[in-house]
Amino acid sequence: MAEKPLSSPPPPPAAPGSPLARAERFVWLTARVLEQRRFAYHFLRGGADPVEAALTAYLDEDGGYGHALEPDLRGPVSQPLHTAHALRVLDSIGRCGGLRVERICRYLTSVSTHEGALPAIHPSQRAYPSAPFVPVVDDPAGELLSTGPVVGTLHRNQVWHAWLFRATEFCWTAVESLEKSHPYEVHAAVAFLDSAPDRPRAEAAADRLGRLVREQRLAVLDPDRPEEFPVADGYAPGEHHYPHDYARVPDSLARGWFTDEELSRSLDFLAAEQAEDGGWPLRWRAWAPGSALEWRPIVTIEALRTLRAYGRPLDG
């Protein structure tokens with residue numbers, strides 16, 4: 001009997017000049033090892049082991065992640081935002097479980113507030129550079145912004161840990177009490193609702209949240225007229241958010257907030273954003289050259305994944 005090959009053969013190269021070929025060149029030219037391996041995993045039939053190995057370089061002894069994994073926070077110390085980023089990477093390669101995630105949950109427990117929520121920035125960041133739009137305070141409150149994506153990812157992977165019980169209740173309370181919000185907080189709410197175990201409750205909360213997004217004009221519904229949609233307080237000029245930013249995949253609860261035409265225009269806009277160098281641009285404030293350079297390959301990979309999820313051609 002013939003031996004089974006150890007790995008899948010590489011895919012045929014993307015057509016020269018195609019979105020995928022241009023993005024691939026951009027990634028090899030500019031990206032960190034982690035994003036190079038993530039690109040290979042998602043688009044070149046690369047393995048999960050190299051991604052996980054690259055991610056391990058950011059792991060701290062306390063079970064959290066640091067070392068500028070989330071590029072707007074510099075320095076070695078573990079932070080909730082770094083750790084949320086690590087969980088998203090592990091989720092995307094089917095490795096969000098086991099001893100590593102148990103250690104992550106212990107870290108999350110250690111930095112949680114009294115109600116079981118995560119602060120956006122732990123005070124340990126004070127000794128190191130960070131973006132001016134993520135201020136460091138001595139006694140930070142728990143936030144949906146940092147807690148929602150973590151809780152959603154753990155539920156999607158059927159992880160059970162004592163920390164999750166209180167953190168889940170915090171997220172329900174935060175989501176269901178939102179009256180005035182901003183795009184990144186809504187993203188966090190969607191990340192939670194898309195995987196929350198109580199599906200009827202999640203659908204009801206998402207329906208209410210979608211009405212809030214439209215009433216407060218938090219999504220640019222016509223990319224040709226972005227000036228008709230306000231930029232949230234504290235955001236950079238032009239830091240708009242579009243339907244595809246909320247509904248990254250077709251089965252997201254946020255998909256129901258937008259018509260087919262609105263989403264199609266949004267995806268057209270996303271595809272057209274690819275820059276001449278093959279990467280996608282940042283819409284938020286670039287505060288340091290290194291962080292901007294590290295973010296663009298991440299944004300590029302996520303743009304490609306969203307376009308592919310909706311069936312948009314990438315390699316022709």
Side-chain angles (χ1 to χ4, degrees), residues 14 17-44 46 50-60 64-90 92-93 120-121 125 127-136 149 183-184 187 231 234-242 244-245 248 269-307 314:
S18 67
L20 188 59
R22 293 164 59 207
E24 181 178 356
R25 184 179 187 281
F26 174 77
V27 166
W28 296 136
L29 183 65
T30 67
R32 305 181 295 191
V33 172
L34 175 59
E35 280 70 53
Q36 291 177 18
R37 291 182 169 181
R38 289 190 67 207
F39 184 92
Y41 175 85
H42 289 295
F43 302 105
L44 302 176
V51 180
E52 194 166 5
L55 185 63
T56 300
Y58 299 88
L59 180 63
D60 284 325
Y65 288 76
H67 306 279
L69 177 58
E70 204 273 14
D72 282 331
L73 303 177
R74 315 308 291 183
V77 294
S78 297
Q79 286 290 326
L81 291 180
H82 293 315
T83 306
H85 192 114
L87 283 170
R88 285 193 295 272
V89 172
L90 292 169
S92 73
I93 63 172
I121 309 295
Q125 183 63 37
Y128 302 97
S130 59
F133 45 81
V134 284
V136 181
Y184 292 120
H187 295 175
V231 173
Y235 284 31
E239 193 175 349
H240 293 290
H241 292 246
Y242 296 80
H244 69 264
D245 291 313
R248 292 263 174 199
F269 173 81
L270 176 62
E273 269 197 309
Q274 187 175 22
E276 186 175 348
D277 63 7
W280 266 257
L282 303 185
R283 292 198 215 114
W284 63 91
R285 187 176 292 106
W287 63 281
S291 64
L293 183 66
E294 291 174 357
W295 264 122
R296 285 194 65 210
I298 299 171
V299 170
T300 295
I301 290 169
E302 295 310 318
L304 291 169
R305 293 183 68 201
T306 296
L307 291 168
L314 297 177

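Under the 4.5 Å side-chain criterion, counting only non-hydrogen atoms from C-beta, F133 is in contact with R285. Considering only heavy atoms from C-beta on, R32 comes within 4.5 Å of L69 through its side chain. Annotation: side chain of S130 is in contact with side chain of V136 (closest heavy-atom distance under 4.5 Å). Using a 4.5 Å cut-off on side-chain heavy atoms (C-beta onward), P71 and I298 make contact. Side-chain contact between F26 and R22 is absent, with no heavy atoms from C-beta onward closer than 4.5 Å. Within the 4.5 Å cutoff, the side chain of R248 has heavy atoms near those of the E302 side chain. Proximity of L44 to E24: side-chain heavy atoms (C-beta onward) are separated by under 4.5 Å at one or more points. For the pair Y128 and P76, the minimum side-chain heavy-atom distance is below 4.5 Å.
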How far apart are the C-alpha atoms of H42 and L304, what are their side-chain angles, what is the distance that settles it, and do they pass the side-chain contact (heavy atoms from CB on, under 4.5 Å) test?
CA-CA 9 Å; H42 289 295; L304 291 169; over 6 Å; no

For Y242 and L270: C-alpha separation, side-chain torsions, deciding distance, then whether side-chain contact (heavy atoms from CB on, under 4.5 Å) applies.
CA-CA 9 Å; Y242 296 80; L270 176 62; over 6 Å; no

Test log, rule salt bridge (Lys or Arg N to Asp or Glu O under 4.0 Å), inputs E294 and R74
CA-CA 12 Å; E294 291 174 357; R74 315 308 291 183; 2.9 Å; yes

Could you walk me through whether H67 and D60 pass the side-chain contact (heavy atoms from CB on, under 4.5 Å) check?
CA-CA 9 Å; H67 306 279; D60 284 325; 2.9 Å; yes

May I have the step-by-step check of side-chain contact (heavy atoms from CB on, under 4.5 Å) for H240 and F269, ending in yes or no?
CA-CA 12 Å; H240 293 290; F269 173 81; over 6 Å; no

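Annotation for Q274 and P19: closest pair NE2-O, 3.0 Å, computed over non-hydrogen atoms. When every heavy atom of Q125 is checked against every heavy atom of V77, the shortest pair comes out as OE1-CG2, 3.8 Å.
One distance of note links OG1 of T30 with CZ of R296; it measures 7.0 Å at 0.5 Å rounding.
Sorted by first and then second residue, the salt bridge (charged side-chain N to carboxylate O under 4.0 Å, His left out) pairs with a member in residues 76-85 form an empty list; sequence neighbours excluded.
Of the N and O atoms on the side chains of E239 and Y184, at least one donor lies less than 3.5 Å from an acceptor on the other residue.
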